[in-house]
Peer 1: 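Okay, handing you the structure first.
By convention in this document, chain letters (A, B, ...) are assigned in the order of the sequence lines, proteins followed by strands, and residues within each chain are numbered from 1.
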Amino acid sequence: MENYEAFLGFDLCKVPLSSAAQKIMSAVHSGDSVESKNWRESEKTAEVVNNSRIKYSVLLENGKNQSLEKRNLNSSTSQTSGSSIKLCPPSSSIRLTDQPSADQNQKNVSSLAPPSCFIPQRNPEASVLQKTESKRTHFLKENKNNEKREMPVNLKRKHGACHFSGKTNKHVALEENADEVEAHLNCGNARACENHFCDVRYLDDLEKSQLVEMLKQAVAVVVTLMYEDGSTQLRAEQALFPSVKGIAVLLQSRVDSSGPLDVSASDSVLGEGSTLRDQYIYLQTEHSSTGGQEQEAYNQFARKVLFQMLKCKCPVVCFNAKDFVRTVLQFFGKDGSWKHVVHFIGLDPRIAAWLIDPGDAAPSFEDLVAKYLESSISVKVNCTYGNSSRNVVNQNVRVNLKILHKLMTGLCSQLKVYGLWQLFCTLELPLIPVLAVMESHSFQVNREEMERTSALLGSRLKELEQEAHFVAGEQFLITSNNQLQEILFGKLKLHLLSPRETLPRTGLQRLPSTSESVLSAVQDLHPLPKIILEYRRVHKTKSAFVDGLLACMRKGSISSTWNQTGTVTGRLSARHPNIQGISKHPIQITKPQNVKGTEGTMLTISPRSMFVAPEGHTFLAADFSQIELRILAHLSGDPELLKLFQESERNDVFSILTSQWKDITPECVTRADREQTKKVVYSAVYGAGKERLAACLGVTVQEAARFLESFLQKYKKIKDFVQTTIAQCHQTGYVASITGRRRPLPRVRAQDRQLRAQAERQAVNFVVQGSAADLCKIAMIHVFTAVAASPTLTARLVAQIHDELLFEVEDSQIPEFAALVRGTMESLQNVPALELQLQVPLKVSLSAGHTWGHLVPLQEAPRPSDQPTSC
DNA sequence: CGGCTAAGTCTAAGG
DNA sequence: TCCTTAGACTTA
């Protein structure tokens, strides 16, 4: 079977993008003799494992067939056909929690080594897997017993003695108030701390240093945020602004029998000179008001623990790790620079699951457990103080932390099966702190000005509405497309008067839609369409970019939430507000009558200008120019297209293309021309029909067809690329980007021609758009880490608009930072570590300004060829 | 009858 | 019958 990388003609071995990722990778791979550094070999391994998985899944198949197409009917179905994704528990995970395995590699238990669960399973024998299964059930029984044992009579006490790390100390259950300490009777038991949360607040100095030591030696750390009501990040529905109370931690450490952290042999798990031990720790992050000196001392220690966690050499598992990082940043407060978190790697099962199945947008912890773990495990996530006792809640959290670890273990081996492991470790995980830092930033916006603008737009809308009613000859709901359709085409019959017969129609009725293209087509026949078009523009601006923004405001500033797993292509998305969708172009409105001042009749409203850099700072935007077209040139290897980029590295390729097909000189191409060309080129590449193209260009269908023909004729290999991609998709049922990101498209084999054709277009689009998204995300990480490595630079990444990175830079640092950004981003043409070498140069254009709406191109390093255009 | 949800439409972004 | 997002709105 030909894989996509072979098809591309280069090896796609991925290597860490950051040193921390490197650490994780080496940690994860240590003790793993077979895991290959070579892509093809690891692919082979994956296939073997894959076979075993399929065999095994047949054994376990319980007939459940989840349909996970909640989000987007157009997108892929969540599972590849035939084989269930439900995975077998990796044999190695058993060792962790239950018994030693005969083939355990000693290296696995060195202090740097990862938990054995992170070594990919590779035993294809079903019989072995069955054995594994029996061990697993044994473990589950054992675990149940533990749980029974751990629920003793609960008595209130002031400070009960128990063991922590083998020393006598206070044991404290997870508590709300410092003065009311709940302790358990079983404190003499050496296992006590494995059965309860140790609240860091009540540790003495010795215990504190032991804790830090244990963190350093930990084999695995599993964390989850705890909220006010006792729920955690694992619960299904998150409150809008949950208030975080603390962090629950499962610390899995290796204990040598001979080591300093010796514990009684009775709790030995492995029994072979070393044991794995679970300890549960609770770290309060909510600042209590009573505090004073004691509180300050605690905070200091808590910070130390968190710092230790951030630079943990072992895997840190967290569901929605970004929220954890943001909480940590918050806790650090003023004295913690965002640079502290750059190298944090948190294994996030949601991201892992998304890589495996990007069509499954936001599965809850529960969903993932159901999908990726055996059905015998069920989780209770909605256990809160409101509906359960404190003890039950805490026990529930502990159990869930264990399950979370197991889930991540399983997902890791799945990632390897699909060849997504490197992508996960070197791209997606390092991105988490970057996004957390972006979310910790907020934009200042001028509320008064926005409110004035809102009122202004409101008046203008009223005027437009009245005009519309007047010219329509009746009152109607101007925002209702149905009513509008009835008036335009039912009453006025504009579609019959239209010179163009082929107005796009809404499927069910015979009448055309009220979309922009239709209204533009008939705008000369009647005044109404123009009024509607303006109304819609103004309305959009008001509701989304002014009122919508105001609604997102917290304390005079706004901050988006970034979603790493919200798209099928690997792009990021943003919400509240969707900063990626804020209009670039200002709109002009005629000044409403009731507004005072008569200087001018027109007003300009520029949504992006609402974003203002703080005093002494400037926004700097770095754009990848024509990123997708360059990717396409690289992927297709089309000589003409390549030449275009290689020769005219400093020219605007879209202008050249425009001049070529419109037969004018490049200097005379207007911005609108250029935008049109852009649209046309991408439409053509991604498979638009000639009709659609004609509508887009505003020309006849024949002309559009002629253009399509000549374009694909001139750049012949584009067609080859499209065909090869589709063929590959048919063969394997999925497509992959340059980093190996996958998009399953089972519908490519559908009976329905329409569905099939759609999947084929999606396949082509994904390979290019997804690859561009990969590059943009790599750029974010690289620039981010480069700034963090600089002792002087303070530039901060504040937003990503797909191909554009927006930074807030101290005025004095602009030249230095501009050079760094350009250098870093353009150097991504070659990422030797990724064995990624594009055949085209990457071009970055920089612009800067005090508001986001007024960015002017930054003077590049002077070049002789630079000259202003004269048109 | 008013709130609620789900689906459809439209427009902003990005390529 | 270019693709992929978020968001606001209507309709049923």
Peer 1: Kindly give the atom pairs (protein nitrogen or oxygen, nucleotide nitrogen or oxygen) under 3.5 Å for nucleotides 10-12 of chain C.
Peer 2:
from	atom 1	to	atom 2	distance (Å)
C/dT10	OP1	A/Thr479	OG1	3.0
C/dT10	O3'	A/Ser480	OG	3.4
C/dT11	OP1	A/Ser480	OG	2.4

Peer 1: Contact class for A/Ile631 vs. all strands (heavy atom < 4.0 Å): base, sugar-phosphate, or nothing?
Peer 2: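 Counting heavy atoms under 4.0 Å across all strands, no contact is made by A/Ile631.
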Peer 1: Starting at CZ of A/Phe711 and ending at P of C/dC2, how long is that distance when rounded to a whole Å?
Peer 2: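 Result: 16 Å.
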Peer 1: Just to be sure I understand the rule, does A/Ala574 reach a base, reach only the sugar-phosphate, or reach nothing, if contact means heavy atoms closer than 4.0 Å?
Peer 2: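 It contacts sugar-phosphate atoms only.
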Peer 1: Looking at B/dG14, C/dG7, B/dT11, which one has an atom nearest to any side-chain atom of A/His576?
Peer 2: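 For the A/His576 side chain, the nearest candidate turns out to be C/dG7.
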Peer 1: Could you measure between the two C1' atoms, the one in C/dC9 and the one in B/dC4, and give it in whole Å?
Peer 2: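 Going atom to atom, C1' in each nucleotide, I get 15 Å.
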Peer 1: Would you please name every residue forming a side chain to side chain contact (heavy atoms under 4.5 Å, CB included) with A/His854, sequence neighbours left out?
Peer 2: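 Result, side chain to side chain contact (heavy atoms under 4.5 Å, CB included) vs A/His854: A/Ser609, A/Thr851.
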Peer 1: Which residues pass the salt bridge (charged side-chain N to carboxylate O under 4.0 Å, His left out) test with A/Asp547, sequence neighbours left out?
Peer 2: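 Counting only residues at least two positions away or on another chain, A/Asp547 forms a salt bridge (charged side-chain N to carboxylate O under 4.0 Å, His left out) with A/Lys542.
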Peer 1: Out of C/dT4, B/dA13, C/dC2, which has the shortest distance to the side chain of A/Lys679?
Peer 2: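 Closest nucleotide among those given: C/dC2.
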Peer 1: Would you mind telling me which of B/dG14, B/dG15, C/dT5 lies closest to the side-chain atoms of A/Arg608?
Peer 2: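 My answer, after comparing the listed nucleotides, is B/dG14.
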Peer 1: Could you pull out all residues at least two apart from A/Pro857 that satisfy side chain to side chain contact (heavy atoms under 4.5 Å, CB included)?
Peer 2: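 A/Pro857: no side chain to side chain contact (heavy atoms under 4.5 Å, CB included) contacts found.
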Peer 1: I'd like to know if A/Arg575 reaches the base of C/dG7 with its side chain such that a donor and an acceptor end up less than 3.5 angstrom apart.
Peer 2: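 By the distance-only test, no, there is no pair.
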Peer 1: Just checking, is any N or O donor in the side chain of A/Ser625 or A/Asp623 under 3.5 Å from an acceptor N or O on the other one?
Peer 2: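 Side-chain D/A pair, A/Ser625 to A/Asp623: absent.
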Peer 1: Check whether any side-chain N or O of A/Thr569 sits under 4.0 Å from OP1 or OP2 of C/dT4, and answer yes or no.
Peer 2: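 Looking at the OP1 and OP2 atoms of C/dT4, neither is under 4.0 Å from any side-chain N or O of A/Thr569.
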Peer 1: Categorize A/Glu516 for me: base, sugar-phosphate, or nothing, with a 4.0 angstrom heavy-atom threshold over every strand shown.
Peer 2: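 The answer is sugar-phosphate, as A/Glu516 gets under 4.0 Å only of primed atoms, P, OP1 or OP2.
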Peer 1: List in chain and number order the residues that pass salt bridge (charged side-chain N to carboxylate O under 4.0 Å, His left out) with A/Glu628, two or more places apart in sequence or in another chain; answer none if no residue qualifies.
Peer 2: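 A/Arg571.
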Peer 1: Sugar-phosphate atoms are those with a prime plus P, OP1 and OP2; base atoms are the rest. Using that split, label each nucleotide of nucleotides 2-7 of chain B B, S or - for protein heavy atoms under 4.0 Å, 5' to 3'.
Peer 2: ------
Peer 1: Below the 4.0 Å mark, does C/dT1 have OP1 or OP2 next to a side-chain nitrogen or oxygen of A/Arg692?
Peer 2: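 Result: no.
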Peer 1: If you check the A/Thr514 side chain, which of B/dC10, B/dA13, C/dC3 turns out closest?
Peer 2: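 Of all the options, the side chain of A/Thr514 is nearest to B/dC10.
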Peer 1: Rounded to the nearest angstrom, tell me the gap between atom OH in A/Tyr686 and atom P in C/dC2.
Peer 2: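 Interatomic distance, OH of A/Tyr686 to P of C/dC2: 15 Å.
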Peer 1: Go through the structure and list residues passing ring-ring contact (aromatic ring centres under 6.0 Å, His included) with A/Phe624, not counting sequence neighbours.
Peer 2: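 A/Phe624 satisfies ring-ring contact (aromatic ring centres under 6.0 Å, His included) with no other residue.
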Peer 1: Restricting to side chain to side chain contact (heavy atoms under 4.5 Å, CB included), what partner residues turn up for A/Ala353, sequence neighbours left out?
Peer 2: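 Side chain to side chain contact (heavy atoms under 4.5 Å, CB included) check on A/Ala353 returns A/Leu368, A/Tyr372, A/Leu411.
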Peer 1: Is it the case that A/Asn563 and A/Arg575 place a side-chain donor and acceptor less than 3.5 Å from each other?
Peer 2: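 Side-chain D/A pair, A/Asn563 to A/Arg575: absent.
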Peer 1: From C/dC3, C/dG7, C/dC9, pick the nucleotide closest to the side chain of A/Ser543?
Peer 2: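 The listed nucleotide nearest to A/Ser543's side chain is C/dC9.
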Peer 1: Measure the distance from CG on A/Asp547 to C1' on C/dG7 and round it to the nearest whole Å.
Peer 2: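 It works out to 13 Å between those atoms.
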Peer 1: Looking at the side chain of A/Ser515, which of B/dA12, B/dA13, B/dT11 is the nearest nucleotide?
Peer 2: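 Given the options B/dA12, B/dA13, B/dT11, the side chain of A/Ser515 is closest to B/dT11.
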Peer 1: Atom NZ of A/Lys540 and atom P of B/dT11: how far apart are they, to the nearest Å?
Peer 2: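 Roughly 9 Å, once rounded to whole Å.
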Peer 1: Between atom CG in A/Leu755 and atom P in C/dC3, what is the gap in whole Å?
Peer 2: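 Between P of C/dC3 and CG of A/Leu755: 12 Å.
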Peer 1: Just to verify, what does A/Asp673 make a side chain to side chain donor-acceptor pair (under 3.5 Å) with, not counting sequence neighbours?
Peer 2: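 In terms of side chain to side chain donor-acceptor pair (under 3.5 Å), with neighbours along the sequence ignored, A/Asp673 is linked to A/Lys662, A/Thr670.
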Peer 1: Using the P atom on both, measure B/dT9 against C/dT1 and round to a whole Å.
Peer 2: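 Here B/dT9 and C/dT1 have their P atoms 11 Å from each other.
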Peer 1: Taking only side-chain N and O atoms of A/Gln769, does any of them lie within less than 4.0 angstrom of OP1 or OP2 on C/dT4?
Peer 2: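 It does not, given that no N or O in the side chain of A/Gln769 lies less than 4.0 Å from OP1 or OP2 of C/dT4.
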Peer 1: What's the NZ-P distance between A/Lys777 and B/dG14, to the nearest Å?
Peer 2: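 These atoms are roughly 19 Å apart.
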Peer 1: Can you measure A/Phe766 atom CZ to C/dC3 atom P for me and round it to whole angstrom units?
Peer 2: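 A/Phe766 atom CZ is separated from C/dC3 atom P by 15 Å.
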Peer 1: Without hydrogens or angle criteria, can the side chains of A/Asp367 and A/Ser364 be said to hold a donor-acceptor pair below 3.5 Å?
Peer 2: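 Note: A/Asp367 and A/Ser364 side chains meet the donor-acceptor criterion.
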Peer 1: Which sits closer to the 5' end of DNA chain C, A/Ala757 or A/His802, going by the nucleotide each is nearest to?
Peer 2: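 First, find each residue's nearest nucleotide; the 5'-ward one identifies A/Ala757.
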Peer 1: In a check of side chain to side chain contact (heavy atoms under 4.5 Å, CB included) between A/Phe721 and each of A/Asp638, A/Val768, A/Val685, A/Ile726, which one passes?
Peer 2: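 Only one of A/Asp638, A/Val768, A/Val685, A/Ile726 forms a side chain to side chain contact (heavy atoms under 4.5 Å, CB included) with A/Phe721, namely A/Val768.
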Peer 1: For A/His469, give me all partners under ring-ring contact (aromatic ring centres under 6.0 Å, His included), at least two apart in sequence or on another chain.
Peer 2: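 Counting only residues at least two positions away or on another chain, A/His469 forms a ring-ring contact (aromatic ring centres under 6.0 Å, His included) with A/Phe476.
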Peer 1: Could you give the distance separating C/dT10 and B/dG3 at their C1' atoms, to the nearest angstrom?
Peer 2: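 Per the computed distance, 15 Å lies between those C1' atoms.
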Peer 1: With a 3.5 Å cut-off and just heavy-atom distances, do the side chain of A/Gln762 and the base of C/dC3 make a donor-acceptor pair?
Peer 2: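 No.
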Peer 1: Measure CG/A/Leu712 against P/C/dC2 and give the value in whole Å, please.
Peer 2: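 It works out to 14 Å between those atoms.
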Peer 1: My validator wants the stems of DNA chain B: runs of 3 or more consecutive Watson-Crick or G-U pairs, both distances under 3.5 Å, written as range with range.
Peer 2: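 Only these stems qualify: B:5-15 with C:2-12.
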Peer 1: If only side-chain N and O atoms of A/Lys678 are considered, is one of them under 4.0 Å from the OP1 or OP2 phosphate oxygen of B/dG14?
Peer 2: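 Looking at the OP1 and OP2 atoms of B/dG14, neither is under 4.0 Å from any side-chain N or O of A/Lys678.
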Peer 1: Report the nucleotide, chosen from B/dC10, B/dG15, B/dA12, that has the shortest atom-to-atom distance to any side-chain atom of A/Phe545.
Peer 2: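 The listed nucleotide nearest to A/Phe545's side chain is B/dA12.
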Peer 1: Out of C/dC9, C/dA6, C/dC3, which has the shortest distance to the side chain of A/His539?
Peer 2: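 Per side-chain heavy atoms of A/His539, the pick is C/dC9.
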Peer 1: Counting side-chain heavy atoms from CB outward, which of C/dC3, B/dT11, C/dA6 is closest to A/Arg743?
Peer 2: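 Closest nucleotide among those given: C/dC3.
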Peer 1: Take A/Thr658 and A/Thr677 through the side-chain hydrogen bond (donor to acceptor under 3.5 Å, both in side chains) test and state the conclusion after the steps.
Peer 2: CA-CA 6 Å; A/Thr658 310; A/Thr677 305; 2.6 Å; yes
Peer 1: How would you list, by chain and number, every residue that makes a side chain to side chain donor-acceptor pair (under 3.5 Å) with A/Glu703, sequence neighbours excluded?
Peer 2: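 A/Glu703 satisfies side chain to side chain donor-acceptor pair (under 3.5 Å) with A/Thr700 only.
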Peer 1: If the cut-off is 4.0 Å, is A/Arg571 near the phosphate of C/dT4, judged by side-chain N/O to OP1 or OP2?
Peer 2: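 Checking C/dT4 against A/Arg571, no side-chain N or O comes under 4.0 Å of OP1 or OP2.
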